[in-house]
Amino acid sequence: MFEKILIANRGEIALRVIRSCRERGLRTVAVHSEIDADALHTRLADEAICIGPADPARSYLHIPAIIAAAEVTRADAVHPGYGFLSENPEFAETCAQCGLEFVGPLPEQMRQWGDKVSARALAKSLGLSIIEGTELIQDVEDAVKKAESLGFPVLLKASGGGGGRGMHILQSREEVRAIFETARAESRAAFGSDALYFEKFIERPRHIEFQILGDKHGNIHVLGERECSIQRRHQKILEEAPSVAMSDEQRRDMSATIRRAMSDVGYLSAGTLEFLLDERGELTFLEMNPRIQVEHPVTELVMGLDLVAEQIRIADGQPLELPEHPLSPRGHAIECRINAEDPVTFAPSPGKITELHMAGGTGVRVDSGVYGGGHVPPHYDPLIAKLIVHAPTRAQAIAKMRRALSETIIEGIRTNIPLHQRILAHPAFEEGLWVH
Amino acid sequence: MFEKILIANRGEIALRVIRSCRERGLRTVAVHSEIDADALHTRLADEAICIGPADPARSYLHIPAIIAAAEVTRADAVHPGYGFLSENPEFAETCAQCGLEFVGPLPEQMRQWGDKVSARALAKSLGLSIIEGTELIQDVEDAVKKAESLGFPVLLKASGGGGGRGMHILQSREEVRAIFETARAESRAAFGSDALYFEKFIERPRHIEFQILGDKHGNIHVLGERECSIQRRHQKILEEAPSVAMSDEQRRDMSATIRRAMSDVGYLSAGTLEFLLDERGELTFLEMNPRIQVEHPVTELVMGLDLVAEQIRIADGQPLELPEHPLSPRGHAIECRINAEDPVTFAPSPGKITELHMAGGTGVRVDSGVYGGGHVPPHYDPLIAKLIVHAPTRAQAIAKMRRALSETIIEGIRTNIPLHQRILAHPAFEEGLWVH
Amino acid sequence: MKLDLDQLRELIRLLDESNLTEIEVEHDDDRIRVRRDPAPVVGAVTSVGAVTSPPVGAASTTQSGEAPAAEDVGNYVTSPFVGTFYRSPSPESSAFIEVGDSIAPGQVLCIVEAMKLMNEIESEVSGTIVEILIESGKPVEYGARLFRVETS
Amino acid sequence: MKLDLDQLRELIRLLDESNLTEIEVEHDDDRIRVRRDPAPVVGAVTSVGAVTSPPVGAASTTQSGEAPAAEDVGNYVTSPFVGTFYRSPSPESSAFIEVGDSIAPGQVLCIVEAMKLMNEIESEVSGTIVEILIESGKPVEYGARLFRVETS
């Protein structure tokens, strides 16, 4: 049995992991950069170790420092959160070599699913529908040929990309010629690889993702879907569960398909399969995220479980103790990501939080990484808190989220709360239509 | 249908009422004293009206100012919260005369239940067991006679008292002689009446209370019990639902008895019947609180409803829409009252809140009345927030509350969080035993 | 005393950019100290010339918890309670007072209606009405400024 | 005392525009202090002449986010990474350095073990060891102060 877990992350997800550990009697170690000496995760963990300067490359991404911190604190396991080292197979391997349990999938699974082209091939071989796409593109002439055979509009994607980066929508062969070399150079600079391919571009798709959990005993559970269609520049900002676009029958069918597929590959720990849902109701596999997601709380609320606690139990070798039959979502949950950024220009807005009141009351969950009187440093992700609501119906959840946003006070920095309020007030969102 | 509700209160309960209103599309009016110009309820209501200076007698207790505020804002109804004017039948009458719906019981019901002696008589006539007690005491010789016939130890109580004030435990006739005149003078000074009586003193009782709701259509619902045995100087500080000392059968029987009794008197709105549970498992009626209670959230969490919203629906003439059969508690809920006071001396600790992080995460509800960067004025109740947790079992709820307390940061003022941590760490509390 | 404002601005910038809370520089007989955020406690910021005036009208001047800005300093008649403000006893009659009128203690200035009662608000000072701050028929809260007066 | 109000207003404006809480200026016998928010709690700080020193050792001096107290001003060798601090190359051998020893740039001062690797920490300055701040065999975090040195 684990006794102590090191959390190789910061912000709200670090505190999220501390919570699950503490409720189960596990001790926690926070690692932090110098600028995070007074950060919330540093203050609230049982132990805290400074591992480097503010620059993430020299602290939260610096594998030797994190491993050394685990060594001197005699931690049993490492939880990587999301972002930073969470999808880095070398980090998982180094943990294993140093006798630390990595809370996540096996390194080879991270590699399998990390590359988009190999992930697509793997998903296809497992019986999942994949979006029509091409092999890797050789050169600009090959690009024109492949785009035409697929049919415009097409999406030019970087194989090493992710989170919406490295993508271009192209409408014609002229646009292919105009953009191809630039896109190749961008990909090389951003992801260290110039491997590009085309996908059929689906207009006005919904973004649907399924949460899975697998243990070391071969059990796989599919825990329903989340809808994450509300995005800004391919960055999710508001998520909900369940999706209004999924019928019980479709959810049951998809869950069975995914469960079979993931059982075949013996997937370990928490993971998310992302799909596009087109206007005809077809789900096509997009990618697999082999880690806990930012938006995992909406699944927790409607399914009534603690995904981080399950991750830790799985890493510890314990079997999943979930009902044999698929769980059904209970009520409706919505999450708003509160970012420290200007609600109009989206420029980051670090600084000292001079006034703070996070929403409370019935059916409101707050997962935050900041405190009133504390600072939001400019070096990291602007996500400072997640406001999550749970209510019997979607309409009630929307009313509750409007209420929760209206009572949230964050002064000293700017946040995207006004943006969320505009989304929640939008009649199309209320009707569950696709909102751009 | 109401459109606008004035909240004649401040602090966490004012915000609590705003929440239920806002989720249902009702507009809210906050009234506030001058010192509360930047208070949370003032900032978060749709409208705010300054009604007087800091002194509660000239603001939150000043009926004409509150009625005038309702007039100028054209409010339909007034929610009194708890404390202040919530149990004042004159206020309820004045509201009615001015065409404002008072969210609470009828004035005559407030009078019936507000006086302890008449409440005991009424409860007895309704078939509830009451604690053995005497008629009003005439003089000191009558006191000695009545105490001896009841049998020592006895409790000398002021008929107009409440909240643990105006009580003396007496062990002998000498003590009766020594204390009687002093107690009479105290009662006259504190409650404006020198009516005293004796009750049998129950040693090591549990404090159990049942939540009820009655509508204008004659429906009465009994919503299970709360245990409030953890008190300091007769002030509740930690409450839970359900009580470990109540069996399902006893809850069912008591609920049926209370439902019959309350139906007989046509009780309106939310109310709480308080009982003492002695070591033999007998419940004796103590008093009735004709208002929403501080600890109502633990009932809301285990019963899955919104008591304040039900109060407002009832005042609006709508029927209760609860299941016909008694609800059963789901899981276990605990509430800790966070007071701005020294955890050792219990002296009030007003001031500016320089750092603030309220607990978050799964299963944690925060009902607070303060914000980071704001001030706690010295003029009012020290209760600044309630931390409430909900988990499948009592053991898990205790673990969650320990976790929640550990991550709560309130700097600039002192709070009783260390006291709660000592209680939660106490083996006797964990075992559900009576803790002094 | 000659103040080098540019130097001072530079110091402020340095402090703002740093994690420090204070910078103090001393040279010969000059000393400059800039400081950030050391403490809580409540304390008033009394700006030069902000002299507290005696209460005027039926109620004291507002005490909003913030130090009044320089332009807000003055004498006001404030509303002693919540209600509706009327400048005249009835819609047909003329206003109790106008700007420029002299007022004396005990003189009725306006009416604030609350709970159907017409409450006459009397002056407590002698002086001249400088400004009427609320429109007749509008609601006022406790402490709302009704008139600005120049006391004599 | 002659008060230059324009200068004072300028100071107030500077304070208002900044994140500061206090500005104090002293010249000859004049002293002006403007302050916002209330009185200090954490006692003040940097004493006159607290000159920032050049970094010493393999890493820079700690930047803990708070102004160092007067007694903390000095030059330190800090740990460049997380690990276990050893004063000698092996349990049997003697320490690399002792208090009072002179040190030169490039001289090995101690070992910090991380991931089974023994990392020798070398001095970047010339000077004398004044104090050894960590016990051999204890864990150190990034930036932990290992030695206090007097530079020469």
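Throughout, a chain's letter reflects where its sequence line sits, starting with A, and its residues are numbered from 1.
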Open item on the list: Counting heavy-atom pairs closer than 4.5 Å to chain B, which one of A/Arg16, A/His357, A/Glu12, A/Arg403 comes out on top?
Closed with: A/Arg403
- [ ] Quick one: which of A/Leu301, A/Ile398, A/Asp306, A/Ile409 has the most heavy-atom pairs under 4.5 Å with chain B, could you say?
- [x] A/Ile409
Tell me, for [X] versus chain B, whether the close heavy atoms (under 4.5 Å) come from the side chain, the backbone, both or neither.
| X | result |
| --- | --- |
| A/Leu40 | side chain |
| A/Leu15 | side chain |
| A/Gln396 | neither |
| A/Thr362 | both |
| A/Arg19 | both |
| A/Glu300 | side chain |

Open item on the list: Quick check for you: to the nearest 0.5 Å, what is the distance between A/Thr354 atom OG1 and B/Tyr371 atom OH?
Closed with: 10.0 Å
Open item on the list: Measuring from atom OG of A/Ser406 to atom CG of B/Asp46, what distance do you get when rounded to the nearest 0.5 angstrom?
Closed with: 8.0 Å
Open item on the list: Quick check on the interface: out of B/Gly373, B/Ser368, B/Gly361, B/Gly374, who has the most heavy-atom pairs with chain A under 4.5 Å?
Closed with: B/Gly361
TODO: Test side-chain contact (heavy atoms from CB on, under 4.5 Å) on A/Val366 and B/Met358 and set out the steps.
DONE: CA-CA 9 Å; A/Val366 176; B/Met358 296 307 296; over 6 Å; no
- [ ] Run through B/Met401, B/Arg402, B/Lys400 and flag the one making a side chain to side chain contact (heavy atoms under 4.5 Å, CB included) with A/Glu23.
- [x] B/Lys400
Task: Heavy-atom contact with chain A under 4.5 Å, split by part of B/Arg43 - done: side chain
